[in-house]
Amino acid sequence: MRLERKDLLGIRDMSRDELDLILDTAGPMKDIIGRDLKKVPALRGKAMVTVFYENSTRTRTSFELAGKYLSADTVNLAVATSSVQKGESLRDTIKTIEVMGFDLIVIRHSMTGTPHYVARNTSMRVINAGDGTNEHPTQALLDMYTIREKKGTLEGLKVAIVGDILHSRVARSNIYGLSKYGCELRVIGPSTLMPAEIEKLGVKSYHNLDQALEGVDVVNVLRVQRERQQSGLFPSLDEYANLYMLSPARLRRAKEDVLVLHPGPMNRGVEISSSLADGAQSVINEQVTNGVAIRMALLFLMMGGTRDEITN
C-alpha cells in the first residue's frame, strides 16, 4: 500500500484515512527499531536526501535513521558548507539534487511555503520537515501516534497545547490533525503569543493555565523560543515560568492518567519543570523513538515498500 499523494506538505489537507494509514504503519516500524538487527530491505535501491536550512537534531537524525533502517541510501546536504553559501538559488539546488537521482527530499526551511515551492518544481517526492511558522507535519504525526499508543484512541480527548502558539508550527499541525478525531483542543499562552482569531480553527483559547488544565487528557508543552524574548513579547523568562511553566502541582488539575508531551529541545525550569519532564506522566523520550517509527512509515508508504518486507 502507498500513500496516494506525491508529497507530504502538511496535515491540514490530509484525510483521516490517510492519517490512520500512517499511524497504523508506524506500529510494525516501531517493532523493527526494537530488534537486535534494525534493518529491512524494504527501500533497497531508493535514495533520499535531507536538506535543513534550519538547525535540527531530532528531526534530521530521525529521518536519516528511518531511511537507513529501511535500507534506503540516505544523504544529508550540509547547507552551511554547500553551494547555497556561494549564492546558489533554492531552485538550482533542488534541480542539482534531483538530477543526481534522489527519489525523495526532506526539507526544513525558515520561510513559510518553501516545501510547497519545492514540490511544484521537482519530480522528487517532498516531505516538509518544518516551514517557517506554518506546519511541522511529522511532529504532529508522532505526537498523535504517541497519544494513541498510550490512550488506545484519539477520539474525543481533551488536549491542551501550552506556550508560543503564535510562532509554533507544531501547534498548528497538532490542531489540524487532532481536530479530525473530534478532540477538544485548548491553547494556552500570553496574549502576545496567541494568534488573532485562533478560535476559528475550532480551539478554545486561554490565558490562565490553571483554568485550562482542568480535566485534560493530554498536555503538549511547546518550547519557549528564547529568540522571541528579545522582541519583548513577554517581560522575562522568570515571569513566563511563573505563569505558564507546567509543574506537578499545576498538573493535578488534569486527569490522573494525563500524558505530558514536549517536541524538544526543552528549556527546563521555563516551560516545564525538571521533575515533571522526568516523571511518570512524561512520554517525551518515547516521542523521540516514535518519531523514527513515524518517519519510517512515511518513507515506506511514499517510496513503495511492501508489507512482506517489513514483517520478515
Side-chain angles (χ1 to χ4, degrees), residues 1-33 42 58-59 62-63 66 70 104 106-108 115-116 119 125-131 134-161 168-187 200-203 216-220 222 259 261-263 283 286-307 310:
M1 186 175 291
R2 299 184 67 174
L3 197 61
E4 296 301 324
R5 56 171 59 225
K6 171 180 170 285
D7 311 299
L8 183 83
L9 303 176
I11 300 292
R12 188 172 196 170
D13 68 339
M14 295 185 73
S15 70
R16 178 163 162 167
D17 285 345
E18 288 177 304
L19 296 175
D20 284 339
L21 173 61
I22 296 165
L23 297 177
D24 291 344
T25 306
M29 297 300 170
K30 190 171 181 178
D31 292 339
I32 294 170
I33 299 171
R58 291 162 181 78
T59 304
S62 65
F63 266 115
L70 293 170
L104 182 144
V106 180
I107 185 165
R108 169 175 287 189
H116 302 71
R125 292 178 176 270
V126 179
I127 295 179
N128 178 8
D131 66 319
N134 179 36
E135 281 212 53
H136 191 350
T138 61
Q139 179 67 47
L141 285 165
L142 76 88
D143 292 344
M144 292 163 66
Y145 179 80
T146 304
I147 296 167
R148 193 180 78 163
E149 183 180 51
K150 292 296 183 180
K151 295 290 187 182
T153 184
L154 291 170
E155 290 287 350
L157 297 176
K158 295 180 180 179
V159 180
I161 305 174
S168 177
R169 53 198 177 203
V170 173
R172 283 173 179 75
S173 288
N174 267 279
I175 289 168
Y176 297 144
L178 291 169
S179 63
K180 297 179 194 293
Y181 293 85
C183 292
E184 179 186 311
L185 297 164
R186 306 175 184 181
V187 293
K200 286 187 175 180
L201 295 180
V203 305
V216 299
D217 299 285
V218 179
V219 185
N220 200 339
L222 304 174
L259 299 179
L261 288 75
H262 192 300
V283 291
E286 292 173 71
Q287 284 177 272
V288 178
T289 302
N290 291 341
V292 180
I294 279 289
R295 286 153 184 147
M296 288 174 70
L298 281 171
L299 297 178
F300 177 80
L301 291 168
M302 293 179 72
M303 287 198 284
T306 65
R307 183 161 293 275
I310 61 171

(message) Between L178 and V218, is the side chain to side chain contact (heavy atoms under 4.5 Å, CB included) condition met? List the steps.
(response) CA-CA 11 Å; L178 291 169; V218 179; over 6 Å; no
(message) Keeping E135 on the side-chain end and I11 on the backbone end, is there a donor-acceptor pair under 3.5 Å?
(response) yes
(message) Between R148 and D24, does any side-chain N to carboxylate O distance fall below 4.0 Å?
(response) yes
(message) Within the 4.5 Å heavy-atom criterion, are I175 and V187 side-chain neighbours or not?
(response) yes
(request) Return yes if some donor-acceptor pair links the side-chain N/O of R5 with the main-chain N/O of M302 below 3.5 Å, else return no. (result) no
(message) To the nearest 0.5 Å, what is the distance between CD1 on I147 and CG on L261?
(response) 5.5 Å
(request) Could you walk me through whether V283 and E149 pass side chain to side chain contact (heavy atoms under 4.5 Å, CB included), step by step? (result) CA-CA 11 Å; V283 291; E149 183 180 51; over 6 Å; no
(message) On a heavy-atom basis, which atom in I22 and which in A297 lie closest, and how many Å separate them?
(response) O-CB, 3.8 Å
(message) So I294 and M144, do their side chains get closer than 4.5 Å, heavy atoms only?
(response) no
(message) Any heavy-atom pair between the side chains of T146 and L259 that's under 4.5 Å?
(response) no
(message) So S179 and L201, do their side chains get closer than 4.5 Å, heavy atoms only?
(response) no
(request) Measure the shortest side-chain to side-chain distance between M303 and L70 over non-hydrogen atoms and say whether it is less than 4.5 angstrom. (result) no
(message) Could you check whether any side-chain heavy atom of R58 comes within less than 4.5 Å of a side-chain heavy atom of Q287, counting everything from C-beta outward?
(response) no
(request) Determine whether Y176 and D13 make a side-chain contact, defined as any pair of heavy atoms from C-beta on separated by less than 4.5 Å. (result) no
(message) Less than 4.5 Å apart, side chain to side chain, heavy atoms only: is that true for L141 and L19?
(response) yes
(message) Just verifying a value: how many Å separate I161 CD1 and R172 CZ, rounded to the nearest 0.5 Å?
(response) 10.5 Å
(message) Donor-acceptor pair, distance only, cut-off 3.5 Å: does the side chain of E18 make one with the backbone of S15?
(response) yes
(request) Before giving the answer on side chain to side chain contact (heavy atoms under 4.5 Å, CB included), spell out for K158 and D217 the whole-Å C-alpha distance, their side-chain angles and the decisive distance to 0.1 Å. (result) CA-CA 5 Å; K158 295 180 180 179; D217 299 285; 3.6 Å; yes
(request) Supply the atom-to-atom distance L3 CG to L299 CG, rounded to the nearest 0.5 angstrom. (result) 11.5 Å
(message) If you compare all heavy atoms of A26 against all heavy atoms of A293, which two are closest, and at what distance to 0.1 Å?
(response) O-CB, 3.7 Å
(message) Please find the pair of heavy atoms, one from A160 and one from V216, that lie closest to each other, and give the distance.
(response) CB-CG1, 4.2 Å
(request) Output yes when a side-chain donor or acceptor of K180 lies under 3.5 Å from a complementary backbone atom of R12, and no otherwise. (result) yes
(message) If I compare all heavy atoms of N220 with all of P263, which pair ends up nearest, and what's the gap?
(response) OD1-CD, 3.9 Å
(request) Please test V106 against R295 for side chain to side chain contact (heavy atoms under 4.5 Å, CB included), starting from the C-alpha separation and ending with a verdict. (result) CA-CA 10 Å; V106 180; R295 286 153 184 147; over 6 Å; no
(request) List the atom of T25, the atom of M29, and the distance in Å for their closest heavy-atom pair. (result) O-CG, 3.3 Å
(request) Can you measure from CE (M14) to CG (L21) and round to the nearest 0.5 angstrom? (result) 8.5 Å
(request) Sort out for me which residue in V159, L185, D143 forms a side chain to side chain contact (heavy atoms under 4.5 Å, CB included) with N174. (result) D143
(request) Nearest 0.5 Å please: distance from the NZ atom of K6 over to the CG atom of L104. (result) 9.0 Å
(request) Please report the shortest heavy-atom distance between P115 and N128, naming the atom on each side. (result) CG-OD1, 3.4 Å
(message) Test your reading of the model: is there a side-chain donor-acceptor pair from R108 to the backbone of A129, 3.5 Å cut-off?
(response) yes
(message) Nearest 0.5 Å, please: how far is OH in Y181 from OG1 in T153?
(response) 9.0 Å
(request) Give a yes or no answer on whether the side chain of S173 reaches the backbone of V170 with a donor-acceptor pair at less than 3.5 Å. (result) no
